Amino acid sequence: MSLESVVIQELKRVLPDYGITDLDVAQLLEKPKNSDWGDFSFPTFSLAKIKHKSPYNIAEDIYQLLNKNLFAKVNIVNGYINFFILRTNVSKNLLLKINNENHSFGKVDLGHGKTITIDMSSPNIAKPMSMGHLRSTVIGNALANIETKCGYQPIKINFIGDWGTQFGKLLAAYKMWGDKSEIDKNPIDTLLKLYVRFNQKAKEDPKLNDLGRAWFKKLEDGDKEAISLWKWFREVSLQRFEEIYSDLKIDFDWYDGEAFYNDKMDSVVKKLKSENLLTVSQGAQVVDLSDEGFKNPALIIRSDGASLYITRDLAAAIYRKKKYHSVKSIYVVGSEQKQHFDELKAVLKKMGYKWSDEVIYVPFGLITYNGKKLSTREGRIILLNEVLDNAYDLALKQINEKNPNLINKEEVAREVGYGAVVFHDLKNERIENFDFKLEEVVQFEGDTGPYVQYTNARAQSILRKSKDYQIKKDITDIFNEDAAFDLIKILDQYPQIIFQAEKKYEPSILAKYAIQLAKVFNRYYKKVKILVEDDQLYTRLQLVRATSLVLQDSLNLLGIKAPNEM
RNA sequence: GUCACAGUGGCUCAGCUGGAUAGAGCAACGGUCUUCUAAACCGUGGGUCGUGAGUUCGAAUCUCACCUGUGACACCA
């Protein structure tokens with residue numbers, strides 16, 4: 001029962017009397033941009049077409065049929081029927097509802113406990129985590145939380161990039177220039193340097209690439225030395241990743257590397273063969289997708305017999321489906337891989353897997369630096385841990401200036417600093433590219449994570465100071481105050497926001513909402529003194545409590561902490 | 001060249017299942033802390049919604065063409 005249901009019900013009652021039966025009132029009903037025009041507004045233009053009458057006359061006719069007692073005010077302006085709803089009861093009901101449901105408020109049971117998988121983060125071993133991995137990680141994590149809120153059971157899978165020619169290059173580089181003690185001291189940086197150096201040299205001397213390929217071949221053939229080096233590199237890399245994940249409070253249900261699927265690709269190839277899907281083209285084995293509108297076939301086996309990315313992803317998709325019986329399978333991967341996922345779905349479909357359309361590719365935009373694409377190979381990389389450290393330092397500095405007596409400064413600085421970085425990554429539409437600017441990422445003012453956190457901390461501060469808001473009293477009528485009712489209106493939208501964010505796999509919808517809610521609360525906070533001992537104190541506190549609850553819940557879904565003080 | 005995605009104030013973006021006067025944040029300028037955390041609040045200036053056609057009572061939103069940017073275009077992932 002959200003606020004607009006009164007309006008919808010009354011319109012649904014009246015429209016058939018008017019001769020209109022089949023009309024989606026809820027769809028047509030809109031929220032005026034200017035609240036002076038009403039809380040909800042019904043445009044009559046589409047009816048004008050059906051009835052061949054002017055919108056104004058239609059609005060007038062419908063107006064006559066409406067039971068005006070159900071509303072505070074109804075008027076007609078420019079062909080719109082504007083509804084001002086009776087505030088008191090709906091506001092009371094909403095506050096009671098939020099207080100009863102607590103963090104369950106906003107739950108939408110779409111999933112009925114069914115499992116979904118989310119492929120996310122997926123860093124490459126021997127390479128540092130960059131801002132690009134952060135995107136996949138935090139978007140995936142937020143989606144997992146949102147899906148949970150919607151009744152699904154997400155399995156977060158970290159598909160580690162631990163296989164491929166690149167490791168052949170790394171092994172070759174290590175054999176030429178590597179130093180064990182260096183790697184023990186500073187594993188990822190050292191390995192990265194080796195990798196970058198190798199690629200630089202290979203530019204001058206392409207023969208090096210053959211050497212890299214040879215080492216990868218050794219690895220695939222199970223060469224003892226190659227395997228043990230690979231295991232070592234993998235181990236030290238994973239340890240470092242774990243530290244970052246633990247900083248961000250993100251965990252995974254399962255890690256599977258590309259290597260994990262090495263022995264699972266044969267059966268995929270066999271099945272492709274038995275279905276007569278494989279053909280040979282220029283020495284490689286491919287699946288022809290021309291009938292699906294693809295320009296190129298999907299390359300399954302290279303002409304030298306080695307497997308490819310899609311071969312592994314096919315094996316992984318099939319394996320995961322079998323293991324988890326998931327009803328959908330989400331991949332949070334950069335938009336530059338769109339074609340790959342189109343091919344993946346197309347091949348799965350050709351193989352007869354009906355669930356191929358439950359494979360959902362959730363792309364996100366590219367991060368550039370000074371307008372240039374990041375490239376690990378060329379050493380152009382934004383190190384995630386440097387960004388996070390920077391954010392932490394700035395947050396700590398702010399706390400020392402603004403709230404020097406805060407007890408757990410370091411912890412809060414981490415929550416606020418990381419909150420800024422994570423929020424920045426989530427607040428815009430996923431698909432949007434952005435050019436990395438440190439000063440924007442670690443902003444604490446305006447439309448930022450810390451702004452939302454700060455708003456919540458203010459609310460919490462009030463609740464701390466009031467003595468008895470938890471002792472149940474009657475909710476009184478404070479809703480003539482627009483600032484209070486504005487809060488009610490936006491709180492009321494929360495479940496729909498969750499619903500939309502889930503439908504579009506778009507955390508930014510929730511992030512934008514959190515900003516909006518914070519803004520409306522800050523206005524209320526400025527305008528109305530809450531801690532005044534009168535008979536409406538309890539109600540004001542309930543409003544504050546409800547707001548804080550939804551702010552916290554939004555932040556938590558986005559994977560951001562909501563400290564009580566900052 | 002083909003395909004995909006994007007183009008909204010100086011910058012970053014909302015709005016895009018068509019609807020009333022195109023909204024925020026940053027930056028600039030000016031106000032508000034003896035009163036619940038000023039990481040806040042209020043105000044001012046700033047926009048041919050890439051361009052041109054079309055559909056419509058009505059287009060930032062839909063269609064088409066073009067321009068610009070980015071990405072992908074089989075043996076990388």
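As the structure is a prediction and not an experimental result, all values here were calculated from the model. Below, chain A is the first sequence line, B the second, and so on; all start at residue 1.
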Take A:Arg213 and A:Asp304 through the test salt bridge (charged side-chain N to carboxylate O under 4.0 Å, His left out) and record every step on the way to the result.
CA-CA 11 Å; A:Arg213 268 192 283 273; A:Asp304 67 357; over 6 Å; no
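- Taking the six-membered ring for Trp and the full ring otherwise, A:Tyr451 and A:Phe444 have centroids separated by 6.0 Å or more.
- A salt bridge is absent between A:Lys561 and A:Glu411: the closest approach of a Lys/Arg side-chain nitrogen to an acidic carboxylate oxygen does not fall below 4.0 angstrom.
- Between the CD atom of A:Glu292 and the C1' atom of B:A4 there is a distance of 18 Å, rounded to whole Å.
- Taking only side-chain nitrogens and oxygens, A:Lys465 comes nearer than 4.0 Å to OP1 or OP2 of B:U37.
- With A:Asp39 as reference, A:Lys489 is the one residue of A:Lys489, A:Lys73, A:Lys31 to meet the salt bridge (charged side-chain N to carboxylate O under 4.0 Å, His left out) rule.
- Nucleic acid contact for A:Val416: base, since at least one base atom lies under 4.0 Å from a heavy atom of the residue.
- One interatomic measurement links the two molecules: CG of A:Asn209 to C1' of B:C76, which rounds to 11 Å at whole-angstrom precision.
- Stems are defined here as 3 or more consecutive Watson-Crick or G-U wobble pairs with pairing distances under 3.5 Å; those involving RNA chain B are B:1-7 with B:67-73, B:10-13 with B:23-26, B:28-32 with B:40-44, B:50-54 with B:62-66.
- The ring pair (Phe, Tyr, Trp, His ring centres under 6.0 Å) contacts involving residues 397-434 of chain A comprise A:His424-A:Phe434, where partners must be two or more places apart or lie in separate chains.
- For the pair A:Asp291 and A:Lys350, the salt-bridge criterion is met [side-chain N within less than 4.0 Å of a carboxylate O].
- Note on A:Lys519 versus A:Asp447: salt bridge recorded, some NZ/NE/NH1/NH2 to OD/OE distance being below 4.0 Å.
- A donor and an acceptor atom sit less than 3.5 Å apart, one in the side chain of A:Gln27 and one in the base of B:U17.
- Distance check on atom P: B:A38 versus B:U34 gives 11 Å, rounded to whole Å.
- Between the C1' atom of B:A77 and the CG atom of A:Leu170 lies a distance of 15 Å, rounded to the nearest Å.
- The CZ-C1' distance, from A:Phe167 to B:C76, rounds to 12 Å in whole Å.
- In this structure, the aromatic ring of A:Trp37 is positioned over the six-membered ring of the base of B:A20, centres within 5.5 Å and planes within 30°.
- Nucleotide B:C3 holds its P atom 18 Å from the CG atom of A:Leu289, rounded to whole Å.
- Counting any heavy atom pair closer than 4.0 Å across all strands shown, A:Lys338 reaches sugar-phosphate atoms only and no base atom.
- If you check every strand for non-hydrogen atoms under 4.0 Å, A:Ser122 touches nothing.
- Ring centroid separation for the pair A:Phe260 and A:Trp163 does not come in under the 6.0 Å cut-off.
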Check nucleotides 57-64 of chain B against the protein and report each pair of N or O atoms closer than 3.5 Å, with its distance, or say if there are none.
none

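- Distances shorter than 4.0 Å separate some side-chain N or O of A:Arg312 from OP1 or OP2 on B:A77.
- Close to B:C5, at under 4.0 Å from its OP1 or OP2, lies no side-chain N or O of A:Ser335.
- Residue A:Arg523 has a polar side-chain atom (N or O) positioned under 4.0 Å from OP1 or OP2 of B:C42.
- With a glycosidic angle no further than 90° from 0, B:C33 counts as syn.
- If you take OH of A:Tyr361 and C1' of B:G71, they are 10 Å apart, rounded to a whole angstrom.
- For A:Gln337, the side chain to side chain contact (heavy atoms under 4.5 Å, CB included) test picks out A:Tyr309, A:Val333, A:His340, A:Phe341, A:Tyr361, with sequence neighbours left out.
- Using modelled atom types and a 3.5 Å distance limit, the side chains of A:Glu343 and A:Gln339 yield a donor-acceptor pair.
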For a ring-ring contact (aromatic ring centres under 6.0 Å, His included) check, start with the C-alpha distance between A:Tyr494 and A:Tyr513, then their side-chain angles and the critical distance, and finish with the verdict.
CA-CA 8 Å; A:Tyr494 189 56; A:Tyr513 170 83; 5.5 Å; yes
Is there any protein nitrogen or oxygen under 3.5 Å from a nitrogen or oxygen in nucleotides 13-16 of chain B, and what are the pairs?
unit_1, atom_1, unit_2, atom_2, d
B:C13, O2', A:Asn428, OD1, 3.1
B:A14, OP1, A:Glu429, N, 3.4
B:A14, OP1, A:Glu429, OE1, 3.2
B:A14, OP1, A:Glu432, OE1, 3.2

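- Taking A:Tyr261 as the reference, A:Asp256 meet the side chain to side chain donor-acceptor pair (under 3.5 Å) condition, with sequence neighbours excluded.
- Neither OP1 nor OP2 of B:A77 sits under 4.0 Å from any side-chain N or O of A:Tyr309.
- Here B:G23 presents its P atom at 13 Å from CG of A:Asp36, a figure rounded to the nearest Å.
- Rounded to whole Å, the distance from CD1 on A:Ile431 to C1' on B:A4 is 9 Å.
- Within the 4.5 Å cutoff, side-chain heavy atoms of A:Leu11 are placed close to those of A:Phe83.
- Taking side-chain N and O atoms only, A:Tyr331 has no distance below 4.0 Å to OP1 or OP2 of B:A77.
- Looking at heavy-atom distances under 4.0 Å, A:Thr368 makes no contact with the nucleic acid at all.
- Heavy atoms of A:Pro297 sit under 4.0 angstrom from at least one base atom.
- For A:Thr455 against B:A40, no side-chain N or O and base N or O form a donor-acceptor pair under 3.5 Å.
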